[in-house]
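The basis for the numbers below is simple: all heavy atoms, side chains too, and nothing from hydrogens, waters or symmetry mates.
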Amino acid sequence: MGKAINVFMFCVAIMMYCIFIPNSDLQAEELKFSCSAQIMETFGSDFLKRFTEKTGIDVSVNTSASEAAVFRMMNGYSHVAGSMKGLRHNKPQGQYIEIPFCKDNLAVIGNVGIGVNNLSEQDLQKIFTRSVTNWKEVGGADQKITVVVPGRDTAAYQNFREQVMKGEKIVHDFMAAQSSDVIDAVRTMQGSVSFITQGAVVANKGAVKKIRINSYSPKDTEYPYFQTMYFITKKEHGNAVEKLINFYRNEDGRKIMENYSMIPISE
């Protein structure tokens, strides 16, 4: 009797392990994709729907900040991550690969009523440190500036602080949970300003105003701020992940990127 009970308890323990511990050998034809909110806002679910129709592979998506998406992939909760930042130098070497597939400019966006179409980089730094607090100080309407930012753990926030602020602290009035949420915030909040990948702005045409920086539009090749989109996955990642990567990088994916004035990366 004691031996039978022990065998039964062992089987229960194995079952519990399978339920609660992330499984590295996920179903081959069910692709789990942890994805940056900026990438999802730009490409959207329609693109993944087309992928499923073409390949027969169902994709379940978890949308989050880039860092969280990579964390989920590394801990077995997804097969692949879509990230706006590459692998950090302190990640385990040799186990994972990063595959760049698109470059897109980091657009500064404003509410349509701000009365400003162009800012210098110095103006931008003053706005996001709160040295300037009214749009009339930079040639716009007599209106309070409301600074909206995505969460600190998002790639958009980190890239903006590195490229625009040169490491200076950003002072904000409102922080959105995800990068993609700033579009709705800026659309509805008078006097507001923020930043996001410009492809997401194109996808939400007319919702907000894109602001030129040093007279350059986010669509111009001379525009100073950009982000790179990556797939990050295990070095041995399986057929379903390979198909997803190729789908983004083939003619279908390239056309979407070019329609949004983004730059496809094929190699």
Excluding sequence neighbours, so at least two apart, what forms salt bridge (charged side-chain N to carboxylate O under 4.0 Å, His left out) with [X]?
X: R50; answer: none
X: E162; answer: K85
X: R130; answer: D173
X: K166; answer: E121

Measuring from atom [atom1] of [X] to atom [atom2] of [Y], what distance do you get when rounded to the nearest 0.5 angstrom?
X: R72; Y: K32; atom1: CZ; atom2: NZ; result: 8.5 Å
X: I256; Y: R254; atom1: CD1; atom2: CZ; result: 12.5 Å
X: I39; Y: T63; atom1: CD1; atom2: OG1; result: 10.0 Å
X: F101; Y: R249; atom1: CZ; atom2: CZ; result: 9.5 Å
X: D184; Y: N204; atom1: CG; atom2: CG; result: 7.0 Å
X: T146; Y: W135; atom1: OG1; atom2: CH2; result: 9.5 Å

Which atoms form the tightest heavy-atom contact between [X] and [Y], and what is the distance?
X: A240; Y: L31; value: O-CD2, 3.9 Å
X: S131; Y: E137; value: O-OE1, 4.4 Å
X: T228; Y: P100; value: CG2-CB, 3.9 Å
X: S83; Y: I232; value: CB-CD1, 4.1 Å

Restricting to pairs with a member in residues 98-117, which pass salt bridge (Lys or Arg N to Asp or Glu O under 4.0 Å), not counting sequence neighbours?
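Every candidate salt bridge (Lys or Arg N to Asp or Glu O under 4.0 Å) pair involving residues 98-117 fails, so no pair, neighbours aside, qualifies.
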Mind jotting down which residue pairs meet the salt bridge (Lys or Arg N to Asp or Glu O under 4.0 Å) criterion with at least one end in residues 214-225? Sequence neighbours excluded, please.
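Sorted pair list: R212-D220.
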More than 12 heavy atoms from other groups under 6.0 Å of CD on Q163:
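Yes - once you tally the heavy atoms of other residues, nucleotides and ligands closer than 6.0 Å, there are more than 12.
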Any chance CZ of F71 has more than 12 other-residue heavy atoms, nucleotides or ligands included, within less than 6.0 Å?
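No, because the 6.0 Å sphere around CZ of F71 holds 12 heavy atoms or fewer from other groups.
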Between [X] and [Y] (side chain of the first, backbone of the second, donor and acceptor by atom type, cut-off under 3.5 Å), is there such a pair?
X: T233; Y: H79; answer: yes
X: S66; Y: M84; answer: yes
X: E168; Y: M165; answer: no
X: Q38; Y: T197; answer: yes
X: Q95; Y: K234; answer: no

If we count only N and O atoms by modelled type, under 3.5 Å, do the side chains of E41 and Q178 hold a donor and an acceptor together?
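No - no donor-acceptor pair under 3.5 Å links their side chains.
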Step by step, work out the side-chain contact (heavy atoms from CB on, under 4.5 Å) result for R152 and H172.
CA-CA 11 Å; R152 290 185 180 87; H172 65 273; 3.6 Å; yes
Non-neighbouring partners of [X] that pass ring pair (Phe, Tyr, Trp, His ring centres under 6.0 Å), sequence neighbours left out:
X: Y225; value: Y223
X: F33; value: none
X: F226; value: none

Pairs touching residues 183-204 that satisfy ring pair (Phe, Tyr, Trp, His ring centres under 6.0 Å), sequence neighbours left out:
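Passing the test, one end in residues 183-204: F128-F195, F160-F195.
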Hydrophobic clusters join Ile, Leu, Val, Met, Phe, Trp and Tyr when side-chain heavy atoms are under 4.5 Å apart, directly or via other members; which others share one with I263?
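Traced through the cluster, I263 reaches no other member.
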Is the shortest heavy-atom distance from the side chain of [X] to the side chain of [Y] under 4.5 Å?
X: M229; Y: Y248; result: no
X: R161; Y: I170; result: yes
X: K243; Y: K54; result: no

Pair up each side-chain donor or acceptor in residues 109-118 with any protein partner under 3.5 Å, not counting sequence neighbours, and list the distances.
unit_1 : atom_1 : unit_2 : atom_2 : d
N111   : OD1    : G113   : N      : 3.0
N111   : ND2    : V186   : O      : 2.9
N111   : ND2    : R187   : O      : 3.3
N111   : ND2    : M189   : O      : 3.3
N117   : OD1    : K209   : NZ     : 3.2
N118   : OD1    : S215   : N      : 2.7

